[in-house]
Number of protein chains: 2
Amino acid sequence: MKKVVSSGQPTIKEIAKRLNISVSTVSRALHDHHSIGLRTKARVKALAAELNYERNQTAIYFQQGKTFTIGILLPELSEAFFASAISGIEDTAYSNNYTVLLGQSHDDEAREKQIIQSMKQHRVDGCIVSIGKNTSNYEHFEMLRQARIPVVFFDRIPDLPDIHAVSCNLESGTIQAVDFLLKKGHRAIGMINGPETMVASKERAAGYIKALQQHRLKYDPNLIVNADLTVEGTNNAMEYLLALKRKVTAIVTFNDYVAMDAVQYALKKQLIINKDITFVSYANTPVSGYTAFPPAASVEQFPYEQGQAATNMLLSLLRGEHALNEYQNKVMASQLVIHEENR
Amino acid sequence: MKKVVSSGQPTIKEIAKRLNISVSTVSRALHDHHSIGLRTKARVKALAAELNYERNQTAIYFQQGKTFTIGILLPELSEAFFASAISGIEDTAYSNNYTVLLGQSHDDEAREKQIIQSMKQHRVDGCIVSIGKNTSNYEHFEMLRQARIPVVFFDRIPDLPDIHAVSCNLESGTIQAVDFLLKKGHRAIGMINGPETMVASKERAAGYIKALQQHRLKYDPNLIVNADLTVEGTNNAMEYLLALKRKVTAIVTFNDYVAMDAVQYALKKQLIINKDITFVSYANTPVSGYTAFPPAASVEQFPYEQGQAATNMLLSLLRGEHALNEYQNKVMASQLVIHEENR
DNA sequence: CTGTTAGCGCCTTCAA
DNA sequence: TTGAAGGCGCTAACAG
């Protein structure tokens, strides 16, 4: 008993039969192979068009061992930063005839593993990954390596030696940010940083310190607080900073959300924004323009461009332009964007 | 000459050879088929584990004619609304063992067509689609229908008779919104609506009118303005509304962005928000909580839930629980969310 | 309980 | 210029 699976979609076999020629001739005709007679070619193409023939990609994937699909694994699709990043990835993949398989880990390591597993089974040609907040075990990526599936990490990259990665170094932007504040006359500049373990937090702190050094100013460790990015954490950090003996007149916050929370706190304390206290932040969101008191400046991290860069790196790997073990680590510079001050 | 494509990944054939049994036995053992001896099963599984065997999905897709993949076509990934929607889609798909192929049309009809084409070639089992702003030709969806690939439209649904669709009716939410304002004593309620052609604009207008009717109030067409959702458009609309003889004390805006622009305009005109003028909006964004003057209430459109619902509908179609031509049109109710007023 | 075999759609070598 | 045949990895029908 023959099972019908292809829901009536025409195949080359069918075309061959109708035209009384062989399947290989049809296949070649469809591919414009030079050794096929013009007449035959025309007849084949005409019938193919008439029948609405379409090659069965799954068959081709199967026998070629390539899927022209890349897997994207991200923590959270609804975060503006990642939404932009995906957008950049999809655009680049699309214009190179690749499609994109999507998975979100929700910062859950177990789910991250499952998704990687599933992508591997789907035989994606490669992966682009931004790891979860708490991921500390990287064996799932090791499996990809063994399966010779290239991976490019971006933004949230793991602390491993031999990886392909694209990221945005926050140090440069942070230097610019602190510099900006120093030039406006601020001397006691606080920083609400993220969890100490995060690479991103380290980069922020490093930038902060370097900026001070460049101005030959003393670095006071008390001015940097590590917070957990929740509203309470931000409030606590603000309380701490505002209680310092040295009067803090400017604060660099971990991201725009923290900034907005911090602004709310400051307002409650009757502080006048941009006068008593000035905020500078990191632009994870396009929203800040709409808030009443946006940070005076923001460090842009270029998510769309990071997505593009990661995809291009992966594609060059897939094209064999670089050896898989020739590890590339593209670091893009973050950049300070000064907002309009007349609001 | 044998071409090696599978990059050395072990196959059941290899396992069979090593164990001196047949491929079908291996296949069955791996599937826990009841008719396989415990010993054999164990041996097979052990070797499979040792070799790091993993089934080649592309082979299975190919021979089963199913890919357990659904295609998502959306206008713009970086719009918060769609980002949430995708999140809902991906979560639902994932927990049903489906994966998700992604494409964004950027509201470009040609690109929309290409993506649909590509998804069809990838042999996705079904599609979830939100059409572009300007899409007026639906032949690409007709092709899907002919290929018997089910499509569920959501949010931006085409004006076609026989389709599966999930959407959120804004009429109910709008009624609640106007009702809310009427109960607070407002009588001259303006509306900055979207382009007249959009279904969503019509629903808003209809809700507005119905709410007045329910209160036995006269409907004044002058109070509804169609704008184009740009900042200038919003400013013009505001100028118009504020210049009316009847003093407008409340305004329903098309979405949160329009609301924020309108608030800015009002502030410039020295109006006091929530006193001189009150805004109610539609929640396309989770941001409004951070703005200084968020709308007093918002009509929630539940993008995540819409994504879930669309995916469930598609899955039920794929499972054959409903005939493909038994068209379902799920309309979810929008709902007014009243914000805290003590800010 | 296990083995043999055909076939999914396509491409590609080899032979004519 | 064309045809025949094999094989990609796997499943399932059929035959022991």
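Every chain is numbered from 1 and lettered A, B, ... according to where its sequence line falls, protein lines coming before strand lines.
The interatomic distance linking B:Ile12 (CD1) with C:dT4 (P) rounds to 14 Å, in whole Å. Rounded to whole Å, atom C1' of C:dC10 lies 14 Å from atom CD of B:Gln121. Following rounding to the nearest Å, B:Arg123 (CZ) and C:dG9 (P) show an atom-to-atom distance of 9 Å. With rounding to whole Å, B:Asn56 atom CG is found 9 Å from D:dC8 atom C1'. One interatomic measurement links the two molecules: CD of A:Gln63 to P of C:dG9, which rounds to 14 Å at whole-angstrom precision. Computed from coordinates, the B:Glu14 CD to D:dG7 C1' distance equals 16 Å when rounded to whole Å. With rounding to whole Å, B:Ile15 atom CD1 is found 17 Å from C:dT2 atom C1'. As a whole-Å value, the separation of A:Gln64 CD from C:dG9 P is 17 Å.
Among the atoms of the strands shown, only primed sugar atoms or phosphate atoms (P, OP1, OP2) are found under 4.0 Å from some heavy atom of B:Ile60.
Between A:Tyr53 and the phosphate of C:dC10, there is a side-chain N or O to OP1/OP2 separation shorter than 4.0 Å. Proximity of A:Lys13 to the phosphate of C:dG7: no side-chain N or O atom is located under 4.0 Å from OP1 or OP2.
A search for side-chain contact (heavy atoms from CB on, under 4.5 Å) contacts involving B:Ser105 returns B:Leu73, B:Pro75, B:Glu112, not counting sequence neighbours. Residues forming a ring-ring contact (aromatic ring centres under 6.0 Å, His included) with B:Tyr94 (at least two apart in sequence, or on another chain): none. Shown here are the ring-ring contact (aromatic ring centres under 6.0 Å, His included) partners of B:Tyr327, two or more places apart in sequence or in another chain: B:His164.
Screening residues 321-332 of chain B for salt bridge (Lys or Arg N to Asp or Glu O under 4.0 Å) gives B:Arg319-B:Glu321 as the qualifying pairs, with residues at least two apart or on separate chains. Legend: ring-ring contact (aromatic ring centres under 6.0 Å, His included) pairs involving residues 24-55 of chain A, not counting sequence neighbours: none detected. Judged as a salt bridge (Lys or Arg N to Asp or Glu O under 4.0 Å), the pairs with a partner in residues 136-146 of chain A (not counting sequence neighbours) are, in order, A:Lys113-A:Glu139, A:Glu142-A:Arg145.
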Please report, to 0.1 Å, the donor-acceptor pairs under 3.5 Å made by any side chain of residues 306-318 of chain A, with sequence neighbours excluded.
residue  : atom : partner  : partner atom : Å
A:Gln306 : OE1  : A:Asp155 : N            : 3.4
A:Gln306 : NE2  : A:Gln301 : O            : 3.0
A:Thr311 : OG1  : A:Gly307 : O            : 2.7
A:Asn312 : ND2  : A:Gln308 : O            : 3.3
A:Ser316 : OG   : A:Met313 : O            : 3.0

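Comparing the start and finish of the helix from C:dC1-D:dG16 to C:dA16-D:dT1, five pairs each, the helix axis swings through 50°, to the nearest 10 degrees.
Remark: side-chain polar atoms of B:Asn96 are not paired, donor with acceptor, to backbone N or O of B:Tyr98 under 3.5 angstrom. Using modelled atom types, one side-chain atom of B:Glu109 and one backbone atom of B:Ser136 make a donor-acceptor pair closer than 3.5 Å.
Taking only distance into account, the side chain of B:Ser24 meets the base of C:dT4 through a donor-acceptor pair shorter than 3.5 Å.
Between A:Ser22 and B:Arg55, the one whose closest nucleotide on DNA chain D sits nearer the 5' end is A:Ser22.
If you check residues 25-45 of chain B against DNA chain C, the residues with a heavy atom closer than 4.0 Å are B:Thr25, B:Arg28, B:Ser35, B:Ile36, B:Gly37, B:Thr40, listed by number.
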